[in-house]
Amino acid sequence: MDLLQGLNPQQQQAVVAGLGPVLVMAGPGSGKTRVLTHRVAYLIGQMGVRPYHILAVTFTNKAAREMDVRVTDLLGEAARGVSLGTFHAICAKILRREAEHLPFEANFVIFDSDDQEKLVKAALEDLNLDEKRFRPQAVHGSISNAKNELILPDDYKVLNYRDEVVKKVYERYQQMLLANNALDFDDLLLWTAILLEQNPIVREKYARRYEHVLVDEFQDTNMAQYLLLKHLASFHRNVFVVGDVDQAIYRWRGADYRNVLRFEEDYPDTQIILLEQNYRSTQDILNVAMAVIDKHPYRKPKKLRAQRGGGQKVFLHECYDDQAEAEFVIDTIATQVARQGAKSGDFAVMYRTNAQSRVLEEAFLHANLPYKLVGAQRFYGRREIKDVIAYLRLVHNPNDELSLTRVINMPPRGIGEKTLLAVRTEAQKANLSPGQLILALANEESPYHTLFSGRTLAALLKFSSHLAAWRAELAEAALSPLLLMDRILNDIAYRDYVDDSSEEGKDRWDNVMELRRLATEYQGQPLETFLERVALVSDQDTVESGANVPTLLTLHAAKGLEFPVVFLVGLNDGTLPHQRSFDDPEAMHEERRLLYVGITRAKDKLYMVHPQNRSQYGYAESVEPSRFLADIPDDLLDDSAPRRSSGRRRSKGADTVDEKPLAAKTGAARWSAEPAKSAPPASSTPKTGQPASGGRASSSRTSSDPVGSNHAGSSKSAGGASDTPRFPAGSKVLHPTYGEGMVLNNRLQDGDEIVDIFFEQYGMKRVLASLAKLVKQ
DNA sequence: AAGGCCCTTCTTTTT
DNA sequence: GAAGGGCCTT
């Protein structure tokens, strides 16, 4: 049969597996997307299942789209009608449809993480709790964890005072969400799970409908998602899950790879199929991957067999610091593009934290090389984009108080803090949401006019009439998202506000236009669809395949992707594994898996790069190579710069590549001359080759300082960590590199002392006492 | 009301 | 080394 052509026996077995639960354990590069798509095609084309009865869940919209395309390739029109999407999108759909059973309206908005944090803050304020003591972010984290475990405020376990606080905030937070007719990300899963759990009629409706449920990246499901699946598949029991516990990297988000074990327990009759044949990487790369993952404790051994031959050894490269890493990356790419005819789109640079992208971006800009950066936040996190979306959200749902707060005085129209507070208080008295009260003002006979006067009233009325008009047009003329956006932008003269004809102003307006372009794709679709889409974009959704330029992305965003050449940078202890994971063994294991994910993204060549020093918070600090690197046998590596450098740090002269100042320039000229194409937000950061911040103000790079900051160098003994300050302001000290200086400031942090010192010749430097070998004079 | 300046604080990963 | 909060002035 056609559908099975080109599939190996295990893949075929999975595709044609009979009814009942199926668990596919798929190593990296083993063709699991293929198996999933062929399975769907098989069910429809071969087993006569109607697409309407199939549900396929992925973790990103991109994966869903890809599946859609591939199934359509196999079946054509016959594939139409499969429920295909992310957990969050599918839940949103169900919740809107079933809103009558739920305590919110069908037109609810989805609060993003920014909104969520603001709401927690508001809840803390309401409860007179100190934000300093209870960090909104952390409190929200606890709430989020609870939700992912399906724990409601009432059931929240209180063991200490903090729990008590979280519980109270959680209660208040949920109330506020409902008052805003809003759901957060976790609510989408939580409410759907609760609905299915508690409402047998609804549950049966969906369970009967979905004859087949397929799930991708099963190892990254959390409790809520697991329960959801169980309910959705409760009637037909045809659950087909695909996953790889070695690639479980979302524990911090509530994901629990033990759902795989749970699955085996809950479905004892499950068929288990292993996909171990790897079609992606060379054997040399796989060997390194396996060396890293084999050290993972309590793990079922799984072998990866490369379909391809040996290849090139994995390169391990040590650099002086993150800047040298970036230069090494650029130099290598430029050389391979210029001399070996590589395509620049073949390269990807991966790192642990978003902050690491900055140095890379600067280096690319400096070398005049285009690049693209994966990350939805880059686009949707921008102020101008959030403004416009907030307007749309408010028009869609006037109860959305966060959006109201955001836009009511943006651009400035004379409605300040005091007025807003008055609106809130009066709205509460009238038992309205602030948005409803403002809308009511548009009516000339509104009794609320008397609440305000003079300039304030005039300003409010103007805003109110705009809002009312937009809503009316939306309702009556069924304005498309695009027309509504144009209308708003025009009415508020938003361009005048953002575009001050400076470089950044133009960038801002360009971004707005980019959002507008995205809206053109939603002609004839309800505003709701557009809003939901922009709320649920994931970083991975912004990976764009078109532009032929290198890709910069976090290791998390890299999951599921592959590139011919991969650089993993910042492989030092503290970054990968991240220091925040040090005290938690489970978190440390996840760091290891993260490295494994990174390694297995590479098809042909892999460069593992680590710095001797890293700078964060502005000052530099010497670091050790990632402890995971020690698990890789030397003979698997092309060790151009020996890594076992622990006790001794080579002086700068010993390094070869990173010595050359911007060697990239040579290759740069011959870089594929493709312009830094402006990419759609759906697919990438809007301006490839532009600094993320939009501001190039700080372009005279601090790094031109030949000495850099604190090159503390060698051993850790000298200053010694302390818990009593030893270098009070005003004291004179001697620094091994900078000489004599005067202490301006000092403070203790994490058992160490941070000292700001003024040096006659070098200016102010901030150093870590334990590293800098400071001597009191 | 609004804008500007200085201070602190922080940084994991993201649907 | 950015971003937000607090405090200042206009």
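Computed from heavy atoms alone, side chains included, the values below leave out hydrogens, waters and symmetry copies. Chain A is the first sequence line, chain B the second, and so forth, proteins listed ahead of strands; every chain is numbered from 1.
Contact check, A:R253 against B:dT13: no side-chain N or O comes under 4.0 Å of OP1 or OP2. Taking 4.0 angstrom as the limit, A:N354 places none of its side-chain polar atoms (N or O) nearer than this to OP1 or OP2 of B:dT11. OP1 or OP2 of B:dT14 sits under 4.0 Å from a side-chain N or O of A:T554.
With sequence neighbours excluded, no residue satisfies side-chain contact (heavy atoms from CB on, under 4.5 Å) with A:E417. Applying the side-chain contact (heavy atoms from CB on, under 4.5 Å) rule to A:E66 yields the partners A:T33, A:K62, A:R70; only residues at least two apart in sequence or on another chain are considered. For A:D184, the side-chain contact (heavy atoms from CB on, under 4.5 Å) criterion is met by A:Q116, A:H140, A:K147, A:Y173, A:L177, A:D186, A:D187, not counting sequence neighbours. Residues satisfying the side-chain contact (heavy atoms from CB on, under 4.5 Å) criterion with A:R424, sequence neighbours excluded, are A:E401, A:T405, A:L420, A:P434.
Taking every side-chain heavy atom of A:R135 into account, B:dC10 is the closest of B:dT15, B:dC10, B:dA2. Taking every side-chain heavy atom of A:R580 into account, B:dT11 is the closest of B:dT14, B:dT11, B:dT15. Nearest to the side-chain atoms of A:W252 among the listed nucleotides B:dT15, C:dA2, B:dT14 stands B:dT14. Comparing B:dT11, B:dT14, C:dA2 by their closest approach to the side chain of A:A355 singles out B:dT11. Each of B:dT15, B:dT14, B:dA2 was ranked by its minimum atom distance to the side chain of A:N409; first place goes to B:dA2.
The main-chain N or O of A:A255 is never found under 3.5 Å from a side-chain atom of A:D220 such that the two would form a donor-acceptor pair. Between the A:E325 side chain and the A:G570 main chain, a donor and an acceptor come within less than 3.5 Å of each other.
Mapping A:E591 and A:T86 onto DNA chain B via the closest heavy atom, the residue that lands nearer the 5' end is A:E591.
For the pair A:D322 CG and C:dG1 P, the interatomic distance rounds to 10 Å; values are reported in whole Å. Between the C1' atom of B:dA2 and the CE atom of A:M410 lies a distance of 12 Å, rounded to the nearest Å. Between A:F218 atom CZ and B:dT15 atom C1' the separation is 17 Å, expressed in whole Å. For A:N148 and B:dT15, the CG to P distance is 14 Å, given to the nearest whole Å. One can place OH of A:Y351 at 19 Å from P of B:dT11, the figure rounded to the nearest angstrom. Rounded to an integer number of Å, the gap from A:L595 CG to B:dT13 P is 17 Å. Between the P atom of B:dT15 and the NE2 atom of A:H88 lies a distance of 9 Å, rounded to the nearest Å.
Across B:dT13 and C:dG4, the matching P atoms stand 16 Å from one another, rounded to whole Å.
Across residues 415-422 of chain A, A:G416, A:E417, A:K418, A:T419 each have a non-hydrogen atom less than 4.0 Å from an atom of DNA chain B (numbered order).
Considering A:H589, A:R592, A:R593 as possible partners of A:H296, the one that fulfils the side chain to side chain donor-acceptor pair (under 3.5 Å) test is A:R593.
Using a 4.0 Å heavy-atom distance criterion, A:Q225 is classed as making no nucleic acid contact. When heavy atoms are screened at a 4.0 angstrom cut-off, A:R593 is found touching no nucleic acid atom at all. Nucleic acid contact class of A:D112 (heavy atoms, under 4.0 Å, all strands): none.
We find the CZ-OG1 distance between A:R65 and A:T86 to be 11.0 Å, quoted to the nearest 0.5 Å.
Aromatic rings of A:W252 and A:H556 (six-membered ring for Trp) have centroids within the 6.0 Å cut-off, being under it.
Side chain to side chain, A:N613 and A:D321 fail the donor-acceptor criterion of an N or O pair below 3.5 Å.
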Show the distances under 3.5 angstrom between N or O atoms of the protein and N or O atoms of nucleotides 4-6 of chain C.
unit_1 : atom_1 : unit_2 : atom_2 : d
C:dG5  : OP1    : A:K121 : NZ     : 2.8

